[in-house]
Amino acid sequence: MVVMLLETVHTVLPMHACYYYLVTNYFQPEVAQKGVWSLNVIPAEAGLIVVVAQSFFARRVYLIGGASKLVSIVAAAFFVAHLATSIVMTVEAFRINTIQDFTDKTKYISFASLVCAALADFLLSGAIIAALRRTQAKNQQNNGASRIEVATLYILNTGLLTGVLHSVAAILSIAWPYRLYWAATGLVALKLYAITLFAVLNSRKLLVSRGIEVFNSDTPLGMNILARANHLAAVEQWNVPRAPEAPPVINIKVAAEVDTDGLSHRESSMVLGYDKKVSPTLPL
């Protein structure tokens, strides 16, 4: 819900900027050299979209367990840095009057912001892809997925595509800072966050039906039934890939008791010997 609201605002802001420059001030080309409030707010609002959407994926990776917990923490630091640099860009946009001066003073900040976003995307998508590969290797079965489904799973659902687009935008921000190609590429990447988020949520049942169970577990679940149920509920909610668990083993010991009252010593010994033979430990 929050992501949809932020994405809606992110759609309205460029619409207002386009109307301001191309309709209201069409015959005043000098206005194009100055920023408008809707254009100035976009960097900070874009940073919020990244933080909210990536929080879902960071939590998803954290639930995988093991080294993925550290990966999610590092990725969280990167997208918080992205938000901080985005806010700095918005402050500078309101402080500086012309777009030319804004580009001169913030081109390295915008580059750093895009690099932080790309690194966070790559860290989280790399952890998810690794978990998916481990899961499929343990299943060792043909899940019948088409090439399109596989591409969607590994490129879109993992967030890899947003990382690629942010990398391209970072390169463009240094190569052609005044052309704003990087801004256009960044806008596309931001739209993909909501698409990726909802694609992951809608694919939870599909992954299970394809034999890709939703993960790890380098750490055994030595927990009571309520804690285990809560853990599995969280894993399913966040669509976390996990390796198939080994079925539980229950040991049942069977012992026979025989009343030997009234029997001779020899008969009692025979019965006791029989009791030893029929009292094995039977694994189930």
Side-chain angles (χ1 to χ4, degrees), residues 1-15 17 38-63 68-94 102 106-129 155-174 177 180-201 238-240:
M1 183 65 182
V2 176
V3 174
M4 287 299 299
L5 178 61
L6 291 174
E7 287 285 359
T8 301
V9 174
H10 187 263
T11 300
V12 172
L13 292 176
M15 290 172 60
S38 55
L39 198 63
N40 298 340
V41 170
I42 287 179
E45 204 270 342
L48 286 175
I49 293 176
V50 172
V51 168
V52 174
Q54 289 288 53
S55 296
F56 172 85
F57 291 100
R59 175 62 174 166
R60 188 185 181 204
V61 170
Y62 187 86
L63 287 174
S68 297
K69 291 184 177 181
L70 178 60
V71 171
S72 67
I73 293 173
V74 174
F78 276 123
F79 61 68
V80 169
H82 171 73
L83 175 61
T85 52
S86 298
I87 293 175
V88 170
M89 291 177 64
T90 292
V91 172
E92 290 297 320
F94 280 105
F102 171 78
T106 63
K107 59 182 178 181
Y108 295 112
I109 298 177
S110 62
F111 173 76
S113 180
L114 292 168
V115 167
C116 288
L119 289 175
D121 290 336
F122 284 135
L123 284 172
L124 296 178
S125 62
I128 295 173
I129 289 173
I155 298 177
L156 180 61
N157 285 23
T158 60
L160 179 62
L161 186 56
T162 56
V164 171
L165 288 177
H166 271 135
S167 299
V168 173
I171 295 172
L172 293 175
S173 69
I174 290 296
L180 297 182
Y181 296 144
W182 62 272
T185 307
L187 289 176
V188 175
L190 287 171
K191 295 303 178 186
L192 279 175
Y193 277 108
I195 295 173
T196 301
L197 177 60
F198 289 111
V200 170
L201 294 176
W238 297 91
N239 195 20
V240 182

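The structure presented is a predicted model; accordingly, all values stated were derived computationally and were not measured.
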Exercise. Taking Thr90 for the side chain and Ala44 for the main chain, is one N or O donor matched with an acceptor at less than 3.5 Å?
Worked result: yes
[X]: what forms a side-chain contact (heavy atoms from CB on, under 4.5 Å) with it, not counting sequence neighbours?
X	value
Val91	Ile87
Ala93	Asn40, Phe102
Ser38	Leu13, His16, Ala17, Val36
Ser68	Val61, Ile64, Ala127

Distance from [X] atom [atom1] to [Y] atom [atom2], nearest 0.5 Å?
X	Y	atom1	atom2	result
Thr106	Met89	OG1	CE	5.0 Å
Arg60	Asn157	CZ	CG	7.0 Å
Thr158	Ile129	OG1	CD1	4.0 Å

By the salt bridge (charged side-chain N to carboxylate O under 4.0 Å, His left out) test, which pairs, at least two apart or in different chains, include something from [range]?
range	answer
residues 77-90	none
residues 71-93	Glu92-Arg95
residues 2-12	Glu7-Lys191
residues 38-53	none

Would you list the atom pairs, donor with acceptor, under 3.5 Å between side chains in residues 72-86 and any protein atom, with sequence neighbours excluded?
from	atom 1	to	atom 2	distance (Å)
Ser72	OG	Lys69	O	2.6
His82	ND1	Ser113	O	2.8
His82	ND1	Ser113	OG	2.8
Thr85	OG1	Ala81	O	3.1
Thr85	OG1	His82	O	2.9
Thr85	OG1	Ser113	OG	3.1
Ser86	OG	His82	O	2.8
Ser86	OG	Ser113	OG	3.4

Problem set entry | Nearest non-hydrogen partners of Leu114 and Trp182, listed with the distance | CD1-CE3, 4.0 Å
Taking only distance into account, with no hydrogens and no angle test, what donor-acceptor pairs under 3.5 Å do side-chain atoms of residues 117-124 form with protein atoms, sequence neighbours excluded?
from	atom 1	to	atom 2	distance (Å)
Asp121	OD1	Gln54	NE2	2.3
Asp121	OD1	Tyr193	OH	3.1
Asp121	OD2	Thr162	OG1	3.4
Asp121	OD2	Gly163	N	3.4
Asp121	OD2	His166	ND1	3.1
Asp121	OD2	Tyr193	OH	3.0

Exercise. Is the shortest heavy-atom distance from the side chain of Phe56 to the side chain of Val3 under 4.5 Å?
Worked result: no
For this session: Could you walk me through whether Ile42 and His10 pass side-chain contact (heavy atoms from CB on, under 4.5 Å), step by step?
Result: CA-CA 7 Å; Ile42 287 179; His10 187 263; 4.1 Å; yes
Exercise. Pick one: which of Val168, Leu180, Leu190, Ile171 meets side chain to side chain contact (heavy atoms under 4.5 Å, CB included) with Thr185?
Worked result: Val168
For this session: Evaluate whether atom OH of Tyr108 has more than 12 neighbouring non-hydrogen atoms of other residues, nucleotides or ligands under 6.0 angstrom away.
Result: no
